[in-house]
Amino acid sequence: MKFELAKTDAHSQARAGVFETDHGTILTPIFMPVGTLGSVKAVHQRDLKDDIQAQIILGNTYHLYLRPGLEVLEQAGGLHKFNGWDRPILTDSGGYQVYSLAGTRKLKEDGVMFQSHIDGSRHFFTPENVMDTQRTIGADIIMAFDECTPYPCEYNYAKNSMRLTHTWLDQCVAQFENTEPKYGYDQVLFPIVQGSVYKDLRTQSAEYIASKNCFGNAIGGLSVGEPIEMMYEFTDLVCRVLPKDKPRYLMGVGTPANILESIALGIDMFDCVMPTRNGRNGMLFTSEGIINMKNEKWKKDFSPIDSNGLSFVDSQYTRAYLRHLFQAQEMLAPMIASLHNLAFYLWLVGQAREHILAGDFTEWKNRMIPKLTTRL
RNA sequence: GGGGAUGUCGCAUAGUGGCAAUUGCACCAGACUGUAAAUCUGUCCUCCUACGGAGUUCGGUGGUUCGAGUCCACCCAUCCCCA
């Protein structure tokens, strides 16, 4: 694998890069649709690939481990073969589930005891077995096992949690280096910066993560409820510490505006459930603003969903019809909305890249932000 | 013509003396940031100085009662059975 910067913006920290994997090239900055269970909810692989040209998608270790399970995934020949997606895949380690499933897990020094949300069965995740699991899933990019701290978070908790994440990282790196890919293509490991919203901890964590000299680096523990300015502040702080020549991944972010602002701070990779989950719930992101498709005001709006949109659904369907589909709870509604939103997110990061290459990124970004946050 | 039953906030329901009144649906609005989410929350009689206050409500009219959706009388409407 290879990551190279094609251009760095003169007026911000934004960068345009080329990330080459055995499953194809990723042009950064990039947005990665989330496909937790091995499927981007409500979206066909064909539409993801041919229509909106997603370059990489996510999967989740915790979910895939529980179902369908490692035996199935291994026999299938890995997740790519199993779900028919032949472009890159990144798997989250389950670190986020340590946070989101706080009610059904027990945190220990050597790992996390999870109680399955599906059948209540107990499972123990360790840095080592999480690496093995991700080897078996066959993700191109593997995430270190971490603890995503909540917000707010006491200093001492954040400090101890960060230390635990670092200890686990050592174990992850060792296990990763002592094992081989299972399906004949390369895999890389990304460690994750934690430290909550404490400057000294974040700095310390970023330095530690950078010292491991992994292929790329990720920032976790943000966008968990803290004020948005705080998220930018800490993204900026961490980016200033992380090496410039390696890809930077801001986990779980975010709104279209969040993404542009974070690109300006030096982030290359994003993932977020927002375009798919909010899409399923009737929210559409467009270049003119945000639409709540369920609102009565679209009842008789027979204009296209998004006249600037690049997906076939944007011109194929009208707002009135899509609202009708949501009202009637037709399955087609979340499908259309998800595809539209993902198309928009990918268009947005693609445009960001174009403007970085053209040298007018900041100007373009500042022009876009007010539109992105408008409520139509 | 005779007998029986029922009328509650859009629809459907709960409520047999303290009730602006249960629940579901619909409607309207909001939330959602490494997915326990095709989910969740709020509003849903009217008005206001709106985590509070005021006014009008349970087919109609009258009555009993400190107090009535609830009890009584009559009326109206609907449904069922027998002619």
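The figures that follow rest on heavy atoms only: side chains count, while hydrogens, waters and symmetry mates do not.
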Interatomic distance at [atom1], [N] relative to [M], whole Å:
N	M	atom1	value
U22(B)	U61(B)	C1'	29 Å
C11(B)	U46(B)	P	15 Å
C45(B)	A21(B)	P	10 Å
A37(B)	A31(B)	C1'	12 Å
G69(B)	U13(B)	C1'	15 Å
A29(B)	A14(B)	C1'	27 Å
C79(B)	G17(B)	P	32 Å
C40(B)	U35(B)	C1'	14 Å

My understanding is that a pair needs two contacts under 3.5 Å, Watson-Crick or G-U wobble. By that rule, which nucleotide pairs with [N]?
N	value
A54(B)	U46(B)
G1(B)	C82(B)
A14(B)	none
U6(B)	A77(B)
A68(B)	none
C32(B)	none

Side-chain N or O of [X] less than 4.0 angstrom from OP1 or OP2 on [N]?
X	N	answer
S223(A)	U33(B)	no
Q97(A)	U35(B)	yes
N281(A)	A38(B)	no
R67(A)	A36(B)	no
Q327(A)	C27(B)	yes
R277(A)	U33(B)	yes

Using a strict 4.0 Å threshold on nitrogen-to-oxygen distance, state whether [X] and [Y] make a salt bridge.
X	Y	result
R323(A)	E296(A)	no
K81(A)	D86(A)	no
D170(A)	K212(A)	yes
D301(A)	K297(A)	no

Problem - F114(A): which of F145(A), Y62(A), Y65(A) passes ring pair (Phe, Tyr, Trp, His ring centres under 6.0 Å) - result: Y62(A)

Remember a base hit wins even if backbone is also touched, and classify [X] as base, sugar-phosphate or nothing at under 4.0 Å, heavy atoms.
X	value
D271(A)	sugar-phosphate
I228(A)	base
N258(A)	base
S116(A)	nothing
G35(A)	nothing
L58(A)	sugar-phosphate
M143(A)	nothing

Completion exercise
chi for C19(B) classified (syn = within 90 degrees of 0, anti otherwise) as syn

Can you measure [X] atom [atom1] to [N] atom [atom2] for me and round it to whole angstrom units?
X	N	atom1	atom2	value
F285(A)	A31(B)	CZ	P	10 Å
E147(A)	G34(B)	CD	C1'	14 Å
L339(A)	A38(B)	CG	P	18 Å
F326(A)	A26(B)	CZ	P	16 Å
Q115(A)	A36(B)	CD	P	16 Å
Y99(A)	A36(B)	OH	C1'	14 Å
Y96(A)	U33(B)	OH	C1'	7 Å
I57(A)	U35(B)	CD1	P	13 Å

Exercise for the section: Kindly determine whether F31(A) and Y345(A) satisfy ring-ring contact (aromatic ring centres under 6.0 Å, His included), including the steps that lead there. Expected result: CA-CA 7 Å; F31(A) 177 80; Y345(A) 267 63; 4.8 Å; yes

Could you work out which one of [options] sits closest to the side chain of [X]?
X	options	value
L101(A)	A36(B), A38(B), A29(B)	A36(B)
R323(A)	G34(B), A38(B), C28(B)	C28(B)
M274(A)	U33(B), G34(B), U35(B)	U33(B)
T104(A)	U35(B), A36(B), G34(B)	A36(B)
N295(A)	G34(B), G30(B), A38(B)	G30(B)

Practice task
Scan side-chain atoms only and decide if D271(A) and Y249(A) contain a donor-acceptor pair under the 3.5 Å cut-off.
Solution key: yes

Practice task
By nearest nucleotide on RNA chain B, pick out whichever of N292(A) and A144(A) is the more 5' one.
Solution key: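 Whichever sits nearer the 5' end wins; that is N292(A).
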
Practice task
Would you kindly compare R375(A) and V40(A) by the position of their nearest RNA chain B nucleotide and give the one closer to the 5′ end?
Solution key: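 Its nearest nucleotide being more 5', the pick is R375(A).
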
Handout entry: F326(A) six-ring centre to R280(A) NZ/CZ under 6.0 Å and within 45° of normal
Key =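 Not satisfied by the 6.0 Å and 45° rule.
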
Practice task
Kindly indicate whether the side chain of S100(A) and the base of U35(B) share any N or O donor-acceptor pair separated by less than 3.5 Å?
Solution key: no

Practice task
Verify the cluster assignment for F190(A) and V130(A): are they in a single hydrophobic cluster under the rule of side-chain heavy atoms below 4.5 Å apart?
Solution key: yes

